[in-house]
Structure formats: structure tokens, C-alpha cells
Amino acid sequence: MGPSLTPARTPWWANAVIYQIYPRSFQDSDGDGVGDLPGVTRRLEHVRWLGADAVWLSPFYPSPMADGGYDVSDYTDVDPRYGSLADFDRMLRRAHEVGLRVIVDLVANHTSIEHPWFRDHPDWYVWSDDVPGNNWVAAFGGPAWSFDSRRGRWYLHSFYPEQPDLDWRNPEVVAAMHGVVRFWRNRGVDGFRIDAADRLGKDPELRDDPPATAPPAFPENEQYAKLAHGHSKGNPSVKAALQAMRDAAGDAFLVGEAYVPAADYERYLGPVDVMFAFELLWAEWNVTALRRAIERALEQGGVAWATSNHDVPRAATRLGPNRARTAALLLLTLPGPAFVYQGEEIGMRDGDPADPPLDRAGRDGARHPMQWEPDPLGGFTTGRPWLPLSDPLQTSVAGQRGDPNSMLALYRRLIALRREMKGRLEWLESPEETLSFRRGRHRILLNLSTDPLELPAGNAVVVRTDGQDGATLPPDSGAILA
Ligand code: GLC
């Protein structure tokens with residue numbers, strides 16, 4: 001008998017739409033003004049109705065909330081604000097019942113300073129004896145070292161001082177995180193988003209980062225951007241750390257978050273299935289930049305697309321309403337998993353930051369509560385929301401549900417169509433300042449120019465972002481033809 005030619009089975013996530021839930025802002029169920037897991041359970045219907053395949057939940061673990069939950073003080077429990085482990089199990093069961101997979105966030109690089117590990121296992125962290133170990137700058141600005149008066153030593157924190165970095169060279173750290181992954185796997189989760197994956201590998205000698213010689217690839221804190229981060233992150237040892245998580249995760253889906261250009265993905269891919277394509281998220285709105293961002297990511301062969309998340313201004317704020325619609329069309333026609341951040345499907349805009357801002361790095365804007373109903377509390381809560389609603393009267397799920405030209409209708413249509421979209425991306429010739437590619441029998445067309453674009457004759461228009469039916473596509477709009 002010859003060799004078996006059975007093709008490898010396509011994994012569930014290969015072209016999945018994964019809906020990002022920021023639990024604090026999704027749905028409150030008990031009137032305390034904070035979203036919670038029973039609220040998530042209640043709203044899974046919406047996610048399913050939208051047509052998504054999975055949800056990713058940002059951290060819901062116990063946390064002092066110095067970084068919106070990305071400062072975890074217990075990896076194997078639920079913060080009482082969000083409910084209990086039983087609520088998590090109920091949510092997971094319900095998700096699976098309605099056909100949604102569940103991905104959780106794995107904040108592997110650092111714990112909260114209030115995690116008992118920091119007290120009981122100081123050798124699981126990175127220390128410097130008498131002076132700050134080097135010139136590294138924290139991602140949100142300021143030195144990456146803070147003094148711990150109890151121990152009389154300096155500890156490393158790649159993010160806020162309340163988030164001490166774990167030392168992934170210590171096998172006990174690897175074993176502990178292995179246990180965390182097993183804990184959630186055993187409860188039935190389908191995947192993990194590995195937070196700050198690039199930080200898991202640091203220069204073993206903690207050498208200084210050299211000065212930057214070029215502007216950063218993406219927007220960064222001004223002080224942080226003065227250095228090139230060749231030593232503080234992305235050390236090749238990162239692969240062993242990720243492999244350890246893969247070993248614990250089995251065949252679960254692993255998506256890595258590293259704030260790096262696509263050219264660096266190879267350091268992460270292998271143990272991790274896909275990396276977030278931040279180059280596309282931040283690409284300037286022109287043909288060259290968008291096409292380059294897509295090509296570079298596709299070349300690396302393991303990419304997850306996103307046009308928005310809880311860390312960046314929302315698409316409608318960054319791009320404006322028409323381009324946000326066109327960006328949605330692009331996002332949902334690219335091959336590979338696509339992430340949709342809650343609220344993007346109704347074109348939510350950034351809200352005002354709290355005064356004083358709750359997030360010191362200025363990310364309140366994209367974290368305002370989800371707007372379900374056109375009423376002042378948006379159907380999010382009956383209490384006092386932790387961050388005010390922004391414009392629920394203008395923008396809400398219920399307000400858009402009956403409108404065939406709404407952003408919601410567009411998202412739903414695009415997600416449904418995506419199921420029929422097969423094959424790799426092939427670029428097509430198109431007029432200047434327009435972008436065109438083929439996916440199987442579908443042709444995608446984006447007009448980025450300031451002039452109307454004549455639609456090619458002889459093709460049926462399956463979706464168009466402008467909601468019109470003329471023979472031309474206006475500037476800042478897109479269409480799918482078949
Ligand atoms: C990731 C998260 C962000 C968090 C940071 C530190 O970038 O998306 O919200 O502040 O990691 O955990």
C-alpha cells in the first residue's frame with residue numbers, strides 16, 4: 001500500500017470569526033454596573049445570531065484591576081465582580097450548546113503584584129539587586145524596574161509597576177503556567193489568547209536596549225519608542241516558553257499577541273497557531289499600506305486579523321464611519337481567523353475617557369459598555385455603569401436590528417458570506433487607488449480613491465458597504481461581487 005494521502009483536517013479556527021468579549025463592559029446581570037459572566041451567557045444568543053464561531057473573553061480572573069484585569073491575582077478562579085467558577089461553567093456549557101467555542105486569555109508574562117506568588121515565590125520573578133537592572137522602559141512609559149521595599153530589591157515589569165514579570169527561565173514558572181492551562185482545558189475551553197507573547201523571551205543577561213534608529217512600526221508610548229526593544233522582548237527563548245504552553249494545551253487553538261511586525265512571527269509560530277496582524281490594524285488607509293500589510297502577514301502563514309480591540313481606538317473613531325464599514329468588509333473577506341471586538345458590529349465610536357482616566361495608558365475610549373438598547377443605560381445595566389455609556393440612543397443593537405443598511409446588517413451579511421468564501425487570496429488588477437482580490441468565485445473590490453469607481457459589468461453585486469445600487473462605488477466603500 002502506498003503512503004496515505006488523507007489531507008490533514010482543517011481545524012475549526014482556520015476561517016473562524018471570533019468575537020471578543022470584554023466582560024466588564026458586555027452585559028451586567030446584577031445591577032452593580034459591571035458586566036459579568038451570567039451577562040455573557042445571556043448575550044451568547046446575539047453572538048450566535050451574528051454568525052460568529054467563537055468568543056474570546058478578556059480576563060475575568062480575580063484582579064486588583066490596575067490594568068483592567070490583565071493584572072491577575074489568581075489564574076484559576078473568577079473575580080467575584082464577574083461571578084463564580086460555576087457561572088463560568090454555565091457560560092461555557094451554554095456557548096457549546098449554541099455552537100460557540102470559547103477562548104480565554106492567558107496572561108503569562110506577568111502576574112498582579114498582589115498575586116500570592118509574588119510574596120511566596122519571589123524567585124519566580126525577575127530581580128536586580130541594588131540598582132535598576134538596565135535601561136528598559138515599560139510599555140506604558142517610565143522605567144521597567146520598581147523598588148520592592150519589602151525585599152530591598154528592584155523587580156522588572158514590562159507594563160505597569162503593579163504587574164511584575166515572571167521569570168520564564170525558571171522551570172517552576174513553566175510548571176505553574178502549565179497547571180493554569182490544564183485547569184482551563186479540563187473545564188473545556190477551546191483555546192487561549194497568549195497575552196504579550198513577545199515578552200516571554202528576554203535577553204538572559206538583561207542587556208540594555210539600544211536606542212531606536214527608526215520610528216516604531218506601530219503607535220507606542222513616546223518614551224518607550226526611544227529604544228529598540230531587541231533585548232527586552234522577542235529573545236529566541238520565547239519559543240520554548242510557547243512550546244511549554246502548547247504541550248499543556250494539546251490541540252487547543254493558540255493565538256499569540258505580540259506587538260510586532262509580521263516579519264517577526266516566525267519566532268512565535270509553530271507552538272502558536274496564529275499571531276495577530278497588527279500591521280493591518282494600524283495600516284494607513286491607502287492601497288500600498290493595506291496591501292503590504294496583508295501580504296506580509298500572509299507570507300508568514302499563521303495570521304489572525306483584527307481591526308479593533310480593547311487597547312486601541314475603535315475602527316469608527318480611527319477611520320470614520322464609511323471606512324469602518326469598508327474595513328469590516330476587508331476583515332471578513334481575508335483568509336484566516338478574524339476577530340471582531342464587541343461593539344464593532346454596530347459601529348460604536350470611542351467614548352470619552354473617565355475623569356481622571358481609569359486607564360493610565362489612555363485606553364478608556366474603546367472600553368465603554370456595550371450598547372444593546374436605545375435607552376440611556378443601553379440595556380447594559382440597571383445600575384450605575386462603571387464607565388458611562390457613550391451614545392446608546394444613536395447606536396445600539398436593537399436600534400439597528402430592523403435596518404437592512406445598518407452596520408449590524410452589514411456585519412451579519414459579511415459573516416454569513418464568509419462561510420462560502422473559499423480558497424487563497426489572489427490579487428487582481430484594478431484602477432489606481434483601488435484594491436481588488438479574488439477568493440474562489442468571489443471578487444472583492446475596495447475604492448480608496450476620492451472618485452467613484454465603475455463596477456465591472458457582468459458580475460452580480462453580493463454585498464456593498466454603501467447600501468446603494470448604482471453602477472459606481474463611491475469613495476471609501478467596498479463591494480463583494482460574484
Ligand atoms: C496586552 C493586553 C493589554 C494589557 C497588556 C499587559 O497588550 O491586550 O490590555 O495591558 O497586554 O497585559
Side-chain angles (χ1 to χ4, degrees), residues 18 20-26 56-73 75 79 103-115 118 125-126 136-142 144 146 155-166 168 177 180 192-202 216-221 224-225 229 232-234 238 241-242 245 254-261 264 268 272 275-278 281-282 304 306-314 339 341-342 350 353 357-368 387:
I18 302 171
Q20 180 190 353
I21 292 177
Y22 195 70
R24 199 179 190 181
S25 297
F26 196 53
W56 149 36
L57 271 76
S58 277
F60 48 78
Y61 319 108
S63 165
M65 291 291 199
D67 185 14
Y70 283 88
D71 48 322
V72 178
S73 55
Y75 287 99
D79 192 291
I103 295 170
V104 298
D105 223 302
L106 191 63
V107 190
N109 173 68
H110 45 266
T111 68
S112 158
I113 199 159
E114 291 179 33
H115 195 298
F118 192 66
Y125 294 81
V126 185
W136 294 357
V137 170
F140 304 133
S146 286
Y155 64 92
L156 179 69
H157 52 87
S158 296
F159 296 92
Y160 289 129
E162 295 89 341
Q163 295 166 294
D165 279 34
L166 287 161
W168 272 80
M177 215 42 93
V180 171
F192 298 87
R193 174 232 188 222
I194 301 177
D195 181 72
D198 45 343
R199 303 285 179 170
L200 302 178
K202 300 174 176 89
F218 316 121
E220 281 179 354
N221 170 277
Y224 179 76
H229 307 286
S232 53
K233 63 182 206 171
V238 72
L242 294 173
M245 280 185 265
L254 295 185
V255 51
E257 187 236 13
Y259 206 52
V260 299
D264 289 349
Y268 309 90
V272 161
M275 298 293 295
F276 278 112
F278 285 111
L281 192 154
W282 285 119
T307 49
S308 188
N309 64 35
H310 63 293
D311 290 329
V312 303
R314 285 185 173 278
F339 283 73
Y341 178 45
Q342 67 180 50
D350 275 13
L358 287 168
D359 178 56
R360 289 162 282 170
R363 295 169 296 176
D364 288 353
R367 298 177 177 182
H368 286 259
L387 195 58

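We count ligands from 1, going down the list as the structure has it; atoms in each ligand are counted the same way. This is a predicted model, so every value here is computed, not measured. Below, all heavy atoms of this structure are taken into account, side chains as well, without hydrogens, waters or symmetry copies.
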>> Salt bridge or not between E257 and R199? Use side-chain N to carboxylate O under 4.0 Å.
In response: no
> Is any side-chain heavy atom of F276 less than 4.5 Å from a side-chain heavy atom of Y259?
Replying inline: no
> Given the side-chain rings of H157 and Y155, with only the six-membered ring counted for Trp, is the space between their centroids under 6.0 Å?
Replying inline: yes
>> If the criterion is any heavy atom closer than 4.0 Å to an atom of ligand 1, which residues make the list?
In response: D67, Y70, H110, F140, F159, Q163, R193, D195, E257, H310, D311, R363, R367
>> If the condition is ring pair (Phe, Tyr, Trp, His ring centres under 6.0 Å), which residues does H115 pass it with, not counting sequence neighbours?
In response: Y75, W117
> With sequence neighbours excluded, what pairs up with F60 under the ring pair (Phe, Tyr, Trp, His ring centres under 6.0 Å) test?
Replying inline: F88, W184
> Which residues pass the side chain to side chain contact (heavy atoms under 4.5 Å, CB included) test with S112, sequence neighbours left out?
Replying inline: P64, D71, S73, E114
